[in-house]
Amino acid sequence: MIDRNQKQEPNITDEWGDPSDPDPDPDPDPDPDPTNPTSFDPPRDEDEWGTDVRGGINGTLSVGGVDDDDGVVGDLKRCLVDTFYGTELGFRASPEVRAEVLELVNQLEAANPTAAPTQEAWLLDGNWVLLYTAFSELLPLLAAGSIPLLKVKRICQSIDSENLTIENSTTLSSPVADFSFSASATFEVRSPTRIQVQFKEGILKPPEIQSKLALPGNIDVFGQKIDLQPLQSSLNPLQEAVANLSRGLSGQPPLKLPLPGNRPSSWLIITYLDNDLRISRGDGGLFILAKEGSPLLDQ
């Protein structure tokens, strides 16, 4: 006889109609098994591989404004440097090279890992070396590098966000001496990407006289190679005079000069910034710079 007061278990069948035991109630908040790493949920900002997925741009990963140089952005940077290699900072770049450089710049700007460059002093500050420019006002200076026995050795820009100062410096090299001059400026932050630059004065440093005159083997004058080896021996008597001149100029203070031109101020928009590459556009010009010590300077 069946006791009607006894609680009846419901009949449970599987999809084939066979009796099936009910599943036990799942633990609403199971404790992770310390012996089973898969029982732990990944952190909120990590995927199943443990990779930080915050700030990824165009398939690359970024942390604190620093891009993954082994990813797509790193390939773009290396390709960009290879494209303008041998153009003398852009002075000898052909229209085809300039177009290719601009296309690569556009791709990097679209993948900019630093949304507010002017607020990231640890990335922005430091000494930046010019790699390429399309700024027309720099062309006369770059043209000096085409003069026989004279070349543009380096153009740099030093930024100090704490004191809001910028110094642009240029070094020209010759067999006799290195000549350096710079322009100091202050700047004001106008937006997360834009600064307004106010130039103050020019500074002409005493030339660094070479301790030994070293002429190149030949020079190119209007497409004609001129052999300079015969002149090398005749310069030997001048070595002591050059050394004396170098000692006399050492320790001299730099000469401060008013800046030429009618435009003492300019603006600069930083369109790409990471730990070793900066792309800026200002007053119609394009500037690509690498931070001092960057491997991009060795390519």
Side-chain angles (χ1 to χ4, degrees), residues 88-91 124-189 195-216 219 235 237-268 278 280 282-285 287-293 297:
E88 298 181 13
L89 306 182
F91 176 68
L124 185 60
D125 286 1
N127 194 41
W128 294 88
V129 181
L130 183 67
L131 300 178
Y132 174 92
T133 184
F135 188 42
S136 59
E137 292 193 9
L138 271 180
L139 293 181
L141 176 60
L142 298 179
S146 62
I147 299 175
L149 303 180
L150 187 66
K151 62 178 294 187
V152 178
K153 188 175 182 179
R154 175 169 284 202
I155 298 178
C156 299
Q157 184 177 73
S158 179
I159 299 179
D160 183 351
S161 296
E162 182 177 357
N163 296 308
L164 297 177
T165 60
I166 289 179
E167 183 175 354
N168 296 333
S169 60
T170 301
T171 301
L172 301 176
S173 178
S174 75
V176 177
D178 287 349
F179 304 92
S180 298
F181 54 92
S182 61
S184 62
T186 58
F187 70 90
E188 178 185 352
V189 175
I195 61 176
Q196 192 74 20
V197 181
Q198 184 73 35
F199 290 100
K200 297 298 183 182
E201 60 185 2
I203 301 173
L204 180 62
K205 298 179 180 179
E208 296 182 8
I209 306 298
Q210 305 290 353
S211 59
K212 181 179 180 181
L213 297 178
L215 293 178
I219 59 173
L235 292 176
L238 298 177
Q239 296 296 331
E240 184 60 30
V242 170
N244 291 334
L245 181 60
S246 177
R247 286 190 291 267
L249 291 176
S250 63
Q252 294 295 321
L255 178 63
K256 296 183 179 181
L257 303 169
L259 292 173
N262 298 321
R263 193 187 61 192
S265 65
S266 66
W267 54 267
L268 197 68
R278 174 162 62 91
S280 302
D283 291 353
F287 307 90
I288 302 174
L289 307 98
K291 183 168 281 189
E292 189 79 54
L297 295 171

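Here, residue 1 is the first one in the sequence, and each next residue gets the next number.
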- prompt: Do Asp178 and Ser173 have a side chain donor and acceptor closer than 3.5 Å?
  reply: yes

Hey, could you give me the [atom1]/[atom2] distance between [X] and [Y], rounded to the nearest 0.5 Å?
X      : Y      : atom1 : atom2 : result
Ile203 : Leu255 : CD1   : CG    : 10.0 Å
Phe181 : Thr171 : CZ    : OG1   : 8.5 Å
Gln196 : Leu268 : CD    : CG    : 10.0 Å
Lys200 : Lys256 : NZ    : NZ    : 12.5 Å
Phe187 : Ser265 : CZ    : OG    : 15.0 Å
Leu172 : Lys151 : CG    : NZ    : 11.0 Å

Glu167: salt bridge (Lys or Arg N to Asp or Glu O under 4.0 Å) partners, not counting sequence neighbours: none

Would a 4.5 Å heavy-atom cut-off, applied to side chains only, mark [X] and [Y] as touching?
X      : Y      : answer
Ser266 : Phe199 : yes
Leu204 : Phe179 : no
Val152 : Glu88  : no
Ile195 : Ile166 : yes
Asn163 : Thr186 : no

message: Keeping Asp125 on the side-chain end and Ser161 on the backbone end, is there a donor-acceptor pair under 3.5 Å?
response: yes

task: Look only at the side chain of Lys291 and the backbone of Leu124, and say whether a donor-acceptor pair between them is shorter than 3.5 Å.
output: no

